[in-house]
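Data first, discussion second: the structure below is written as structure tokens.
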Amino acid sequence: MITYFDGKFVDDAEAVISVRSRALNYGLGCFGGIRGYVSADGAQLHVFRVADHVTRLMHSARVLHMRLPGSHAEVCGIVTELLRRNEVRHDVYVRPLVLNGSTKLAPVMREEDSLFTVYCLPLQRYMDKDAIDVCVSSWRRATDNAIPARTKATGLYLNSALARREAHDNGFDEAIFLTEYGKVSEGSAEHVFIVRDGVLYTPPSTEDNLDGITRRSLITLATEDLGYKVVERVIGRTELYVSDELFLCGTGAQIQPVRTVDRRTIGDGAIGPVTRRLQEHFNAVVRGAVEHRRGWLTPVWT
Ligand code: PMP
């Protein structure tokens with residue numbers, strides 16, 4: 001594969017950084033996660049909301065005293081150019097990364113130490129099940145005032161990895177974090193939606209979770225296209241147990257229905273009607289089959 005690394009498109013093997021780098025030693029960096037989808041007719045590859053992903057990456061960089069190598073448009077262009085150079089004609093995941101490349105000892109953030117790289121990989125499903133079993137993690141989400149959860153900071157994923165490991169050790173597929181205050185925050189790499197009496201609820205991004213793009217997209221699709229009511233509000237742990245439907249969402253996970261939480265069955269254990277409708281609509285949107293949502297898609301092939 002070809003990878004963009006520090007200003008050039010190079011062979012993957014050449015995209016390497018020092019073991020001494022602050023990025024490795026202290027987890028100093030931030031990243032994005034973007035999907036490209038083959039169109040319904042198979043002729044085009046569309047990148048989903050690339051402009052919004054690049055904006056979020058720029059925001060993460062700003063919070064963390066890092067910088068990207070060019071303008072917003074230039075960074076979007078690197079993503080599409082990478083897909084062209086790799087001749088990607090399948091569903092794909094793109095990972096832009098801003099790393100602290102300094103090999104000096106102390107953990108300090110400096111804009112000028114930023115190193116930018118973008119790689120891609122084929123990706124179909126993130127989780128290999130139609131509906132998953134999740135637990136509430138014993139690990140709390142890192143607060144925005146400790147490691148800013150609003151950003152996609154590399155070091156923050158130690159928190160996610162601990163929660164996922166604990167979940168797997170206990171026979172679950174995924175974990176949901178609570179905030180320090182015991183309210184629902186997010187999954188290890190997904191946001192949480194519940195459905196009660198036909199209304200969708202999701203915690204606001206001030207509940208120590210990522211400024212999520214799938215979450216934002218689903219709020220738009222649910223309210224504007226499908227006529228559902230969506231309420232962003234604080235959600236308590238036990239509300240998860242009594243929800244009619246529950247799903248996780250994210251660029252990787254897309255819409256991932258949840259079957260049980262802490263061994264309590266959600267609804268009747270089957271994928272609920274609201275989740276199903278949203279899934280179908282979301283899939284149609286990302287494949288370019290919904291005319292008025294084509295603005296979210298950037299074609300790779302001309
Ligand atoms: N939360 C975390 C911690 C994540 O890593 C992700 C994946 N990017 C999400 C939520 C979902 O966000 P998005 O829809 O922007 O991919």
Side-chain angles (χ1 to χ4, degrees), residues 27 29-37 47-61 63-64 79 91-98 118-121 123 125-127 132 134 136-137 139-144 146-167 174-179 183-194 200 202-222 230 232 235 246-256 258 278-279 282-283 285-286 293 296-297:
C30 59
F31 64 106
I34 309 171
R35 261 191 192 262
Y37 292 92
V47 188
F48 184 66
R49 302 195 76 166
V50 63
D52 298 291
H53 279 283
V54 170
T55 300
R56 183 177 70 196
L57 187 62
M58 288 183 148
H59 287 168
S60 293
V63 172
L64 300 174
V79 171
D91 289 355
V92 70
Y93 183 84
V94 182
R95 167 60 53 83
L97 265 165
V98 191
V118 192
Y119 65 84
C120 63
L121 62 143
L123 186 65
R125 295 178 82 179
Y126 181 68
M127 293 188 214
I132 57 169
V134 308
V136 170
S137 185
W139 295 97
R140 291 297 164 103
R141 193 58 170 155
T143 71
D144 202 50
I147 303 176
R150 162 177 306 282
T151 70
K152 226 169 139 55
T154 53
L156 182 60
Y157 284 77
L158 180 54
N159 190 218
S160 290
L162 286 169
R164 256 174 100 77
R165 170 64 194 251
E166 180 191 58
E174 179 56 295
I176 292 176
F177 282 112
L178 303 180
T179 63
K183 302 302 180 191
V184 175
S185 176
E186 62 178 340
S188 73
E190 312 88 10
H191 288 95
V192 178
F193 278 82
I194 62 171
L200 291 126
T202 185
S205 64
T206 42
E207 292 301 291
D208 296 333
N209 58 51
L210 182 69
D211 180 13
I213 289 160
T214 316
R215 175 184 175 281
R216 226 187 290 154
S217 306
L218 293 182
I219 293 173
T220 304
L221 297 179
V230 179
E232 291 182 73
I235 293 176
L246 197 160
F247 62 85
L248 305 180
C249 70
T251 298
Q254 303 173 95
I255 298 176
Q256 177 63 61
V258 171
L278 260 174
Q279 252 183 338
F282 180 77
N283 288 339
V285 167
V286 298
R293 295 294 172 203
W296 283 351
L297 308 177

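Reckoned from all heavy atoms, side chains included, excluding hydrogens, waters and symmetry mates. Order of listing sets the numbers, starting from 1, for every ligand and every atom in it.
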A quick test of your reading: do over 12 heavy atoms of other residues, nucleotides or ligands sit less than 6.0 Å from CZ of R125? yes
Are side-chain N/O atoms of Y37 and Q254 paired as donor and acceptor at under 3.5 Å? yes
Give the minimum heavy-atom separation between I213 and R49, together with the two atoms involved. CG2-CD, 3.9 Å
Separation of R164 CZ from S137 OG (nearest 0.5 Å): 12.0 Å
List, for ligand 1, each N/O atom that has a protein N/O partner under 3.5 Å away, with both atom names and the distance.
{"residue": "ligand 1", "atom": "1 (N)", "partner": "E186", "partner atom": "OE1", "Å": "2.5"}
{"residue": "ligand 1", "atom": "5 (O)", "partner": "K152", "partner atom": "NZ", "Å": "3.0"}
{"residue": "ligand 1", "atom": "5 (O)", "partner": "Y157", "partner atom": "OH", "Å": "2.4"}
{"residue": "ligand 1", "atom": "8 (N)", "partner": "K152", "partner atom": "NZ", "Å": "2.9"}
{"residue": "ligand 1", "atom": "14 (O)", "partner": "I213", "partner atom": "N", "Å": "3.4"}
{"residue": "ligand 1", "atom": "14 (O)", "partner": "T214", "partner atom": "N", "Å": "2.8"}
{"residue": "ligand 1", "atom": "14 (O)", "partner": "T214", "partner atom": "OG1", "Å": "2.5"}
{"residue": "ligand 1", "atom": "15 (O)", "partner": "R56", "partner atom": "NH1", "Å": "2.5"}
{"residue": "ligand 1", "atom": "15 (O)", "partner": "R56", "partner atom": "NH2", "Å": "3.4"}
{"residue": "ligand 1", "atom": "15 (O)", "partner": "I213", "partner atom": "N", "Å": "2.8"}
{"residue": "ligand 1", "atom": "16 (O)", "partner": "T251", "partner atom": "N", "Å": "2.9"}
{"residue": "ligand 1", "atom": "16 (O)", "partner": "T251", "partner atom": "OG1", "Å": "2.6"}

If you count the non-hydrogen atoms of other residues, nucleotides and ligands that lie under 6.0 Å from CH2 in W139, is the total more than 12? no
Suppose we call two aromatic rings close when their centres sit under 6.0 Å apart. Are Y119 and F31 close by that rule? no
